[in-house]
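This report refers to the structure that appears directly beneath it.
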Amino acid sequence: MEQHKLTIDMNEATIDQLRDHHFALFGLHAVATSASGVPTIWLSVHYLERHLELTWQETYSMFTARHQGMAPSTKIVPTHNYPAPLGSVLTVSGNDGAGIVTPGGPAGHMEIDNTGRMELGAGLCIHDTHGMYQPVGIFDLIDVDLFQPIPKVAFFFSPIPHMAGEVATRALGPGILLDYSKARDRTFSVEYDLHDGWSVGNRPHAQPIAANEPLNPLLLVRSSALQALAMQRQRITSASNIRR
């Protein structure tokens with residue numbers, strides 16, 4: 001569990017314009033996965049200041065949800081949510097997504113096994129700046145899904161009302177993608193100007209995001225290695241169930 005921090009500095013004209021037009025700050029967190037899915041808004045901040053400080057803990061949970069559409073703006077509401085450390089396995093047996101968490105999963109990953117007959121939605125939650133578990137995406141749970149958090153976060157200011165857990169397949173406006181694996185103390189400071197945008201410059205940890213840019217390629221790493229590992233884990237699970 002690591003604390004991450006972002007400081008955003010803005011001038012008086014920018015913060016006045018953001019407040020007058022009811023802008024909020026939104027964040028989306030990257031994840032590697034074996035499953036098919038879409039990203040969701042992970043955090044939202046509606047109280048803006050010239051010197052805005054955000055902190056969050058990389059604390060994880062696994063969730064399941066009754067199968068829902070993945071269209072943009074769909075609000076994902078977990079049916080069951082299970083806080084757990086990396087390396088945990090959630091075995092789902094109930095048709096409503098209920099299950100049991102045990103150790104024994106791949107190191108550095110979260111594993112969700114669907115041993116029931118219902119196709120469900122599932123995914124990884126991470127604590128947001130309010131200490132609430134929020135989904136970072138929604139994925140099809142058919143057999144075995146594997147997830148690995150990636151320390152990259154995209155941030156956007158937008159005047160359009162959004163909420164945490166909402167499916168977002170395109171950038172909410174001009175944004176910035178920050179790679180926290182390149183921050184020694186898990187802390188970044190950036191500047192934002194309403195006319196000039198985010199201070200990306202030549203910073204190797206920062207990548208600009210164009211308005212309306214597709215977010216799946218930036219935030220969801222559909223890993224062939226994880227797909228192969230998921231198939232291997234599925235064979236192990238199936239063999240264990242047969243022995244029982």
Side-chain angles (χ1 to χ4, degrees), residues 1-6 25-45 54-70 72-92 94 96-103 105-114 120-142 144-155 162-169 178 180 186 215-216 218-223 226 230:
M1 183 174 65
E2 293 182 325
Q3 178 171 289
H4 289 57
K5 182 177 181 179
L6 173 64
L25 178 71
F26 301 99
L28 291 90
H29 199 294
V31 63
T33 178
S34 63
S36 175
V38 290
T40 55
I41 294 172
W42 161 62
L43 68 81
S44 61
V45 177
L54 311 175
T55 59
W56 67 91
Q57 299 282 352
E58 286 283 315
T59 307
Y60 309 112
S61 69
M62 293 175 281
F63 78 89
T64 58
R66 291 182 176 87
H67 207 278
Q68 306 170 54
M70 295 186 182
S73 299
T74 301
K75 168 68 174 176
I76 303 303
V77 180
T79 307
H80 297 278
N81 191 42
Y82 299 91
L86 294 175
S88 299
V89 179
L90 170 60
T91 302
V92 178
D96 66 343
I100 298 174
V101 175
T102 58
H109 298 72
M110 304 290 252
E111 178 179 332
I112 306 179
D113 299 346
N114 185 6
L120 300 164
L124 180 71
C125 287
I126 302 177
H127 266 173
D128 65 6
T129 54
H130 306 292
M132 303 292 291
Y133 284 108
Q134 300 291 357
V136 298
I138 179 71
F139 304 86
D140 292 323
L141 178 61
I142 299 173
V144 173
D145 285 358
L146 291 176
F147 301 96
Q148 181 182 29
I150 295 177
K152 293 183 179 181
V153 186
F155 292 98
H162 296 288
M163 63 184 76
E166 181 181 315
V167 173
T169 58
L178 297 174
Y180 274 85
R186 298 292 187 261
L215 292 176
N216 279 46
L218 292 175
L219 298 171
L220 302 186
V221 178
R222 189 83 186 279
S223 168
L226 285 187

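- Looking only at distances, no side-chain donor or acceptor of Ser223 sits under 3.5 Å from a matching main-chain atom of Ala32.
- Asn114 contributes a side-chain N or O that, together with a main-chain N or O of Leu141, makes up a donor-acceptor pair within less than 3.5 Å.
- Looking at His29, Lys152, His4, Lys5 one by one, the single match for side-chain contact (heavy atoms from CB on, under 4.5 Å) with Tyr180 turns out to be His4.
- Donor-acceptor pairing under 3.5 Å is recorded for the side chains of Asn81 and Ser61.
- A donor-acceptor contact shorter than 3.5 Å is absent between the side chain of Lys75 and the backbone of Val167.
- The closest donor-acceptor contact from the side chain of Thr79 to the backbone of Gly97 lies at 3.5 Å or more, if one exists at all.
- Panel note: side chain His130, backbone Asp128; no donor-acceptor pair is recorded below 3.5 Å.
- The aromatic ring centroids of Phe63 and Tyr133 lie 6.0 Å or more from each other.
- A donor-acceptor pair under 3.5 Å links the side-chain atoms of Thr40 to the main chain of Gly137, judged by distance alone.
- Judged by distance alone, with hydrogens and angles left aside, the side-chain atoms of Thr129 form no donor-acceptor pair with the main-chain N or O of Thr55 at under 3.5 Å.
- Side-chain atoms of Asn216 never come within 3.5 Å of backbone atoms of Leu220 as a donor-acceptor pair (strictly under, hydrogens ignored).
- What you find for Ala98 and Tyr82 is that their closest heavy atoms are CA-OH, 3.4 Å.
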* **Verdict with reasoning, His127 to Trp56, per ring pair (Phe, Tyr, Trp, His ring centres under 6.0 Å)** => CA-CA 6 Å; His127 266 173; Trp56 67 91; over 10 Å; no
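- A donor-acceptor contact shorter than 3.5 Å links the side chain of Arg222 to the backbone of Ala35.
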